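See structure below.
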Number of protein chains: 2
Amino acid sequence: MKQISTRFSMAVHILCLLAISPADCTGDFIAQSVNTNPVIIRRLMGMLKKAGLVDVRPGVGGASLRKPPDQITLLDVYRAVRVVETDQLFRIHEHPNIQCPVGRNIEAVLQAELKEAQAAMEARLSQTTISWLLAQFQ
Amino acid sequence: MKQISTRFSMAVHILCLLAISPADCTGDFIAQSVNTNPVIIRRLMGMLKKAGLVDVRPGVGGASLRKPPDQITLLDVYRAVRVVETDQLFRIHEHPNIQCPVGRNIEAVLQAELKEAQAAMEARLSQTTISWLLAQFQ
DNA sequence: CAAGATATAACTATAATGGTTACAACGGTG
DNA sequence: CACCGTTGTAACCATTATAGTTATATCTTG
């Protein structure tokens, strides 16, 4: 099966790093900790910046959190890196036969249920903050 | 982003069909309602059969439910078509730098949280049955 | 301007998906 | 038994998202 992109876990990693090492976290330094290419980090930083979670200093280099880590939830990160669009976690087959009672109704009815399931998952993500994660370390 | 496969919604469609039209539902008939290729349906039927949800009659043709539709939940279907493996909804980046305190801890700590989020989604799926879906039709 | 950093475009390899063709095996009916 | 419609699979293909890579432009300070 196809899983939710590692963009999410990498972004969480980045924010944890920024939370514990406030000084000069450059893209290359972060890339070494995450163990990936610096361009991947810069792309993620761009999304985190656009979402208002981090400040990045072009030219001089380095980044920092724009919010205290106890006010950043996993849901914030999940939304920032657009790893799942709203109500689109589950894909539903298209153009069923509307002559058939099932084909005519399945999309709307199932969509409503799957939306609830996705919401339950996202609600759980909103309960965990970056600082709570850090507190679990070791 | 990458969504959860339409195998899931197609399988739910199939089970709804079997629930309301108990007589001779052949693969080709189902394929017309779902609006896809009969081979796709046969593949799904194979998974649903392996999961004990349906009986299929090779040779003569047709299929039927092995359980009453109020005892089949969306979670049963989701598991049957293996659309997400256990604790694998979220993919986590591999081989972070274990010299770094974040790299050393992030995987285990984040994995535990994401597992909970996945569980919340699956718990919601388990609350909806095929017969409940049918009751919403029209 | 030079140095070191971020920003971004373009390209690649990989993998899952949904679909398609083809063919073997099954099981009643004539 | 032979036929016919069905199920069961294997093999293959086009499409798509991902993660990574290379290259280049831009920014900021010394």
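Just so we're on the same page: letters track the sequence lines, and every chain starts at 1. Everything numeric in this text was worked out from a predicted model, so none of it was measured.
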Quiz prompt | Where chain A begins and ends its contact with DNA chain D, read 5' to 3' at 4.0 Å from heavy atoms | solution = D/dT18 to D/dT28
Quiz item: Does B/T36 place a side-chain N or O at less than 4.0 Å from the phosphate oxygens OP1/OP2 of C/dG19?
Solution: yes
Practice problem: Indicate yes or no for a side-chain donor-acceptor contact from B/E107 to the backbone of B/E94 under 3.5 Å, with no hydrogens or angles considered. | Solution: no
Exercise. Find which nucleotide of DNA chain D each of B/M45 and A/I40 is nearest to by heavy atoms, and output the residue with the more 5' nucleotide.
Key: B/M45
Practice problem: Measure from the side-chain N and O atoms of A/N105 to the backbone N and O of B/Q138, and report whether any donor-acceptor pair falls under 3.5 Å. | Solution: yes
Quiz item: When all nucleic acid strands are considered with a 4.0 Å heavy-atom cut-off, which category describes B/G61: base, sugar-phosphate, or nothing?
Solution: sugar-phosphate
Quiz item: How are the rings of A/H93 and B/H13 set relative to one another: parallel (under 30°), tilted (30 to 60°) or perpendicular (over 60°)?
Solution: tilted
Quiz item: Any donor and acceptor pair, going by atom type alone, linking the side chain of B/N35 with main-chain N or O of A/H95 inside 3.5 Å?
Solution: yes
Quiz item: Under 4.0 angstrom, heavy atoms only, what part of the nucleic acid is B/V39 near: base, sugar-phosphate, or nothing?
Solution: base
Quiz prompt | Proximal nucleotide (of C/dT21, C/dA10, C/dT17) relative to the A/R91 side chain | solution = C/dT17
Practice problem: May I ask you to say what A/G46 touches in the nucleic acid, namely base, sugar-phosphate or nothing, with a heavy-atom cut-off under 4.0 Å? | Solution: nothing
Quiz item: Is any side-chain N or O of B/T6 closer than 4.0 Å to OP1 or OP2 of C/dG18?
Solution: yes
Quiz item: Of all the nucleotides listed (C/dG19, C/dA5, C/dA7), which has the minimum atom distance to the side chain of A/K49?
Solution: C/dA7
Quiz item: Nearest nucleotide by nearest heavy atom, which residue falls closer to the 5' end of DNA chain D, A/P58 or A/V83?
Solution: A/V83
Practice problem: Look only at the side chain of B/Q32 and the backbone of B/D28, and say whether a donor-acceptor pair between them is shorter than 3.5 Å. | Solution: no
Quiz item: Taking A/V83 as the fixed residue, which of A/L89, A/I4, A/T6, A/V77 is the one that meets the side chain to side chain contact (heavy atoms under 4.5 Å, CB included) rule?
Solution: A/I4
